[in-house]
> 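One structure coming up, written as structure tokens, with questions to follow.
As the structure lists them, so they are numbered: ligands from 1, and atoms in each ligand from 1. If you're wondering where the values come from, they're calculated on a predicted model, not measured in any experiment.
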Amino acid sequence: MPGIKPDQTHRSVTEREEMFRDIIDYSFEAIIVHTDCEITYVNQTAASFFRTSKEALIGSDIFSIFPSSSRGIIQEWIQKAIKKDEAVLRMEEKVMRADETVIEAEIHSRPVTFGKKNMIQTAFQDITYRKEAEKILNDREKLVSIGQIAAGIAHEVKNPLTAVKGFLQLLKESHSHPYLQTMENELDKALLTLQNLLQVSKPDLQDELLVPIDFCNELKSLMLLFQDKLYDVEVEMDLRDRGIRVLGKKNLYLKAFFNLIKNALEAIPEKGKIKIVHYAENQWLHIEITDTGIGIPKDKLNMLGTPFFSSKAEGTGLGLTQVYTTIHEHGGHISVDSTPGEGTTFCIRLPITEET
Ligand SMILES: Nc1ncnc2c1ncn2[C@@H]1O[C@H](COP(=O)(O)OP(=O)(O)O)[C@@H](O)[C@H]1O
Ligand SMILES: [Mg+2]
């Protein structure tokens with residue numbers, strides 16, 4: 001080439017090779033190339049993704065990066081990817097990292113040929129957060145529809161029961177029988193349950209006005225209502241970012257936090273502690289209620305908020321339904337973290353709206 005010395009050409013080729021290698025090595029995608037089932041190439045992003053080194057992955061079995069339960073699916077998927085006529089294959093599957101943690105990944109595969117060798121190039125993307133968000137949305141939709149069904153039934157059952165109550169009262173006027181009073185008492189209990197259910201699953205958000213709420217003050221006042229229960233329970237209040245106000249339906253919120261604190265106290269069998277934290281961060285007000293109570297078994301966590309789910313002999317199972325409905329109706333989020341035998345934390349996040 002005129003004007004370029006041979007060593008300069010050589011250097012620029014090497015530099016370009018290095019640059020391309022770096023681009024692929026540190027590309028945003030975790031890339032693995034495999035021949036049938038043996039891993040033959042791994043970029044640096046993939047090594048970090050699988051929490052190991054390139055050397056440890058190269059030469060190993062492709063099945064080693066998936067949980068053993070996925071073996072059948074992966075085998076089928078490799079067969080499909082090998083077929084040249086197939087376009088890029090996409091699937092969502094769990095993958096297993098070197099430290100044995102399992103995460104959800106979106107996987108793209110396509111056949112590639114290097115020299116005469118047919119191989120499969122596969123790219124991995126972590127979609128754990130997306131999956132979690134989808135699950136929260138699903139659970140929330142499920143909760144809303146269960147609430148709606150329950151409210152519908154409550155409404156239908158309430159009317160005939162109210163009629164029965166009316167006739168019972170008429171009967172009491174003309175006849176006196178000790179059973180009649182018992183029947184009326186039982187009927188009143190049933191009507192109260194239905195009334196409560198209607199109230200919590202369809203909170204009358206339309207009626208209550210939005211007002212600025214200072215949760216620091218409200219939480220302190222709420223705790224006073226539980227004074228008689230606080231002999232054996234220590235209460236710690238860590239109220240930061242005082243003065244923050246959140247627009248909302250005050251009565252609904254007070255009822256929700258009352259229900260959360262009541263549950264926390266009821267979870268503590270003898271002595272224990274409740275901690276309430278309040279702070280603001282990135283336009284969200286965070287309120288956390290932690291107790292050192294009995295905790296919630298993992299398989300029951302997704303039942304929380306479902307009407308009538310209760311583990312207590314005298315429980316209604318409507319407290320958390322009211323809590324979840326109220327938080328969601330205000331555009332907030334609620335999550336639970338619990339360890340059986342150690343305790344539970346409910347984390348609530350409410351949007352801080354600018355006051356106008
Ligand atoms: N802080 C908590 N610690 C342990 N379990 C809890 C806690 N909060 C709620 N739960 C569980 O969730 C269930 C439903 O709560 P809730 O809707 O308030 O109904 P209830 O209190 O009437 O049982 C409770 O019965 C209990 O099993
Ligand atoms: Mg309760």
> Think Arg97 forms a cation-pi with Phe50, using NZ or CZ under 6.0 Å from the six-ring centre and within 45 degrees of its axis?
no
> Should the ring pair Phe124 and Phe66 be called parallel, tilted or perpendicular, given that the plane angle runs from 0 to 90° and is split at 30 and 60?
tilted
> Distance to 0.1 Å, residue and atom name: give those for the protein heavy atom nearest to atom 11 (C) of ligand 1.
Leu304 CD2, 4.0 Å
> From the options Thr344, Ile289, Leu320, Thr345, select the one whose nearest heavy atom is closest to atom 17 (O) of ligand 1.
Leu320
> Got a second to check how far Lys300's NZ is from Phe309's CZ, nearest 0.5 Å?
6.0 Å
> Please list the nearest protein heavy atom to atom 22 (O) of ligand 1 with its residue and the distance rounded to 0.1 Å.
Thr316 N, 2.8 Å
> Is there an N/O/S atom in Asn263 at a distance below 2.8 Å from the Mg ion (ligand 2)?
yes
> Look at the side chain of Gln44 and the backbone N and O of Lys54, then say whether any donor-acceptor pair between them is shorter than 3.5 Å.
no
> With Phe49, which residues qualify under ring-ring contact (aromatic ring centres under 6.0 Å, His included), at least two apart?
none
> Tell me: protein heavy atom nearest atom 4 (C) of ligand 1, and distance?
Ile296 CG1, 3.5 Å
> Are the side chain of Ser64 and the backbone of Ser60 linked by a donor-acceptor contact shorter than 3.5 Å?
no
> Students should be able to answer this: which protein heavy-atom is nearest to atom 23 (O) of ligand 1, and at what distance?
Ser310 OG, 2.5 Å
> I'd like to check whether Phe346 has a polar contact with ligand 1, where a contact means an N/O of the residue lying under 3.5 Å from an N/O of the ligand.
no
> For atom 21 (O) of ligand 1, find the nearest protein heavy atom and state the residue, atom name and distance (0.1 Å precision).
Lys312 NZ, 2.7 Å
> Which ligand 1 atoms, with their elements, are less than 4.0 angstrom from a heavy-atom of Ala267?
2 (C), 3 (N), 4 (C)
> Does even one non-hydrogen atom of Gly293 get within less than 4.0 Å of ligand 1?
no
> Which class fits the ring pair Tyr179 and His177: parallel under 30°, tilted 30 to 60°, perpendicular over 60°?
tilted
> Which protein non-hydrogen atom lies closest to atom 14 (C) of ligand 1, naming both residue and atom, and how far is it?
Phe309 O, 3.1 Å
> Report yes or no: does Thr113 contribute a side-chain atom to a donor-acceptor pair with the main-chain N or O of Lys116 at less than 3.5 Å?
no
> Can you figure out which of Leu318, Ile274, Asn263 has its heavy atom closest to atom 9 (C) of ligand 1?
Asn263
> What atoms of ligand 1 come closer than 4.0 angstrom to any heavy atom of Gly315?
22 (O), 23 (O)
> Kindly say whether Asn251 contributes a backbone atom to a donor-acceptor pair with the side chain of Glu208 at under 3.5 angstrom?
yes
> Backbone or side chain, does any N or O of Thr321 fall under 3.5 Å from an N or O of ligand 1?
no
> For atom 27 (O) of ligand 1, what's the nearest protein heavy-atom neighbour? Residue, atom name and distance, please.
Ser311 OG, 2.4 Å
> Starting from atom 1 (N) of ligand 1, find the nearest protein heavy-atom neighbour and note its residue, name and distance.
Asp291 OD2, 2.8 Å
> May I ask you to say whether Arg21 pairs ionically with Glu17, meaning some side-chain N is under 4.0 Å from a carboxylate O?
no
